[in-house]
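Sequence positions, counted from 1, serve as the residue numbers for this chain. Source: prediction; values computed, not measured.
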Amino acid sequence: MDEVYLEKIKQKALEEHIPIIMDDTLQIIADILKTNKPKKMLEIGTAVGYSAICFSKYLDKEATIDTIERDEERVKEAITNISKLGLEHKIHIYSGDAVDVLPTLTEKYDAIFIDAAKGKYPFFLKESERLLNKNGIIFADNILYKGYVMSDYNKHKQRTAVRNLREYIKEVTENPNYETKIIEVGDGLAITRKTL
Ligand code: SAH
Ligand code: MG
């Protein structure tokens with residue numbers, strides 16, 4: 001892995017205010033990926049490919065990542081970044097809205113990273129459940145959304161997102177087939193294991 005180029009991708013994304021995965025969040029996911037060695041991973045929200053590229057370092061040697069992004073400019077940049085690092089055979093991008101793309105997917109995944117529109121998290125969860133292998137893991141980034149999700153302040157303009165994030169948390173914690181941890185790292189990370 002060309003770490004210098006990867007660092008350039010990261011710095012450019014930060015300068016352009018693209019919300020890439022935070023270092024602490026990445027660290028936690030990386031540790032889990034290193035132990036679980038998923039063979040197939042799905043990401044919802046590619047942006048410029050930074051997180052997918054990082055994850056690819058920790059997966060099984062033969063592993064592949066499918067990732068979905070709706071912003072065409074970002075898709076282009078992600079394709080460039082992925083090919084500069086020689087990862088075209090590992091990371092495949094679906095260009096389109098995940099709301100349309102997810103229902104077309106049929107193959108199962110060992111790990112899923114949800115990192116896109118917060119108002120769609122319950123929908124992303126429903127699709128992820130359908131696409132997740134037994135013992136699979138779902139990571140949901142930004143689950144605490146700057147603390148809004150845990151506060152009782154409900155009047156700000158992000159309340160639809162907050163309501164949907166809360167619904168996501170409720171569903172993963174109440175489902176007896178799942179084991180969920182909510183971690184106060186970065187913008188909040190939910191880690192859900194399918195035990196059945
Ligand atoms: N995972 C990336 C950051 C993703 S930022 C990283 O850590 O490097 C969130 C991205 O999700 C944005 O680029 C946005 O365009 C995309 N997005 C938001 N809603 C989406 C949707 N419904 N379908 C596909 N992409 C979506
Ligand atoms: Mg995020």
Side-chain angles (χ1 to χ4, degrees), residues 18-22 25-26 28-72 74-75 77-79 81-82 85 87-143 164-165 168-169 171-172 175 177-181 186-196:
I18 295 169
I20 56 166
I21 191 165
M22 294 171 97
T25 310
L26 176 61
I28 288 175
I29 296 178
D31 286 343
I32 295 172
L33 296 179
K34 278 184 218 163
T35 352
N36 285 52
K37 290 261 176 250
K39 289 199 164 49
K40 235 173 124 50
M41 184 164 185
L42 174 68
E43 175 180 73
I44 307 171
T46 318
V48 296
Y50 177 73
S51 53
I53 291 166
C54 291
F55 297 153
S56 74
K57 296 197 270 189
Y58 309 111
L59 304 182
D60 191 89
K61 246 189 151 158
E62 309 291 300
T64 54
I65 305 177
D66 290 335
T67 179
I68 311 171
E69 174 57 54
R70 69 177 171 194
D71 181 305
E72 285 179 25
R74 289 186 181 173
V75 169
E77 197 169 330
I79 290 173
N81 289 336
I82 288 162
L85 290 165
L87 295 169
E88 311 88 319
H89 58 294
K90 274 193 164 288
I91 305 174
H92 169 256
I93 305 180
Y94 286 97
S95 174
D97 196 305
V99 172
D100 305 318
V101 174
L102 285 167
T104 70
L105 303 181
T106 50
E107 282 185 50
K108 300 249 180 178
Y109 295 90
D110 307 305
I112 300 178
F113 180 54
I114 300 176
D115 191 21
K118 299 174 188 73
K120 298 279 158 52
Y121 271 38
F123 176 78
F124 295 156
L125 175 64
K126 211 189 275 161
E127 287 297 303
S128 298
E129 297 184 77
R130 182 177 68 79
L131 294 167
L132 192 68
N133 275 324
K134 194 189 163 202
N135 294 318
I137 306 178
I138 304 172
F139 302 98
D141 194 24
N142 308 97
I143 200 71
N164 283 293
L165 293 171
Y168 181 101
I169 293 173
E171 285 183 13
V172 288
N175 189 325
N177 301 332
Y178 293 154
E179 239 173 58
T180 296
K181 273 191 222 161
D187 197 24
L189 177 70
I191 305 174
T192 298
R193 271 172 211 276
K194 188 179 186 175
T195 53
L196 204 85

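Thr192 OG1 to Lys181 NZ: the interatomic distance, rounded to the nearest 0.5 Å, is 11.0 Å. Separating the CG atom in Asp100 from the CD1 atom in Ile68 is a distance of 10.0 Å, to the nearest 0.5 Å. Atom CD1 of Ile93 sits about 6.5 Å away from atom OG1 of Thr67, to the nearest 0.5 Å. Asn142 CG to Lys118 NZ: the interatomic distance, rounded to the nearest 0.5 Å, is 5.0 Å. Taken to the nearest 0.5 Å, the CD1 atom of Ile65 stands 12.5 Å off from the CD1 atom of Ile112. Atoms CD1 and CD1, from Ile138 and Ile191 in turn, are 12.0 Å apart once rounded to the nearest 0.5 Å.
Residues Leu42 and Leu105 meet the side-chain proximity criterion, which asks for heavy atoms closer than 4.5 Å. Looking only at side-chain heavy atoms (C-beta outward), Ile91 and Thr46 stay at 4.5 Å or farther from each other. Here the side chains of Tyr178 and Glu171 are not in contact, with every heavy-atom distance at 4.5 Å or above. Side-chain contact check for Asn36 versus Arg193: some heavy-atom pair is nearer than 4.5 Å. Leu33 is listed as a side-chain neighbour of Pro38, based on a closest heavy-atom distance under 4.5 Å. Proximity of Ile21 to Cys54: side-chain heavy atoms (C-beta onward) are nowhere separated by under 4.5 Å. Looking at Leu102 and Leu131, their side chains come closer than 4.5 Å, going by heavy atoms from C-beta outward. Looking only at side-chain heavy atoms (C-beta outward), Thr25 and Asp187 stay at 4.5 Å or farther from each other.
Pairs passing the salt bridge (Lys or Arg N to Asp or Glu O under 4.0 Å) check and including a residue from residues 87-99, sequence neighbours excluded, read Arg70-Asp97.
Residues meeting the ring pair (Phe, Tyr, Trp, His ring centres under 6.0 Å) test with Tyr168, sequence neighbours left out: Tyr121. The side-chain contact (heavy atoms from CB on, under 4.5 Å) test applied to Asn164 returns Pro122, Thr160, Glu167, not counting sequence neighbours. The salt bridge (charged side-chain N to carboxylate O under 4.0 Å, His left out) test applied to Glu62 returns no partner, not counting sequence neighbours. With sequence neighbours left out, Phe139 forms a ring pair (Phe, Tyr, Trp, His ring centres under 6.0 Å) with no residue at all. Shown here are the side-chain contact (heavy atoms from CB on, under 4.5 Å) partners of Asp71, two or more places apart in sequence or in another chain: Glu69, Glu73, Arg74.
Contact between Ala190 and Ile143 at its shortest, heavy atoms only, is N-CG2, 3.6 Å. Here the closest heavy-atom approach between residue Lys37 and residue Tyr58 is recorded as NZ-O, 3.3 Å. Minimum interatomic distance between Asn81 and Ile53 (heavy atoms only, all atoms of both residues): CB-CD1, 4.1 Å. Taking every heavy atom of both residues into account, Phe113 and Met41 meet most closely at CB-CE, 4.0 Å. The two residues Ala78 and Ala47 make their nearest non-hydrogen contact at CB-O, 3.7 Å. In terms of heavy atoms, Ile44 sits closest to Ser128 at CD1-OG, 4.3 Å.
Between Asp66 and Lys40 there is a salt bridge, since at least one side-chain N of the basic residue sits less than 4.0 Å from a carboxylate O of the acidic one.
Without hydrogens or angle criteria, Lys194 side chain to Leu132 main chain gives a donor-acceptor distance under 3.5 Å.
Dense packing is recorded around NZ of Lys57, with more than 12 heavy atoms of other residues, nucleotides or ligands lying under 6.0 Å away.
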Trace of the side-chain contact (heavy atoms from CB on, under 4.5 Å) decision for Asp141 with Ile29: CA-CA 10 Å; Asp141 194 24; Ile29 296 178; over 6 Å; no
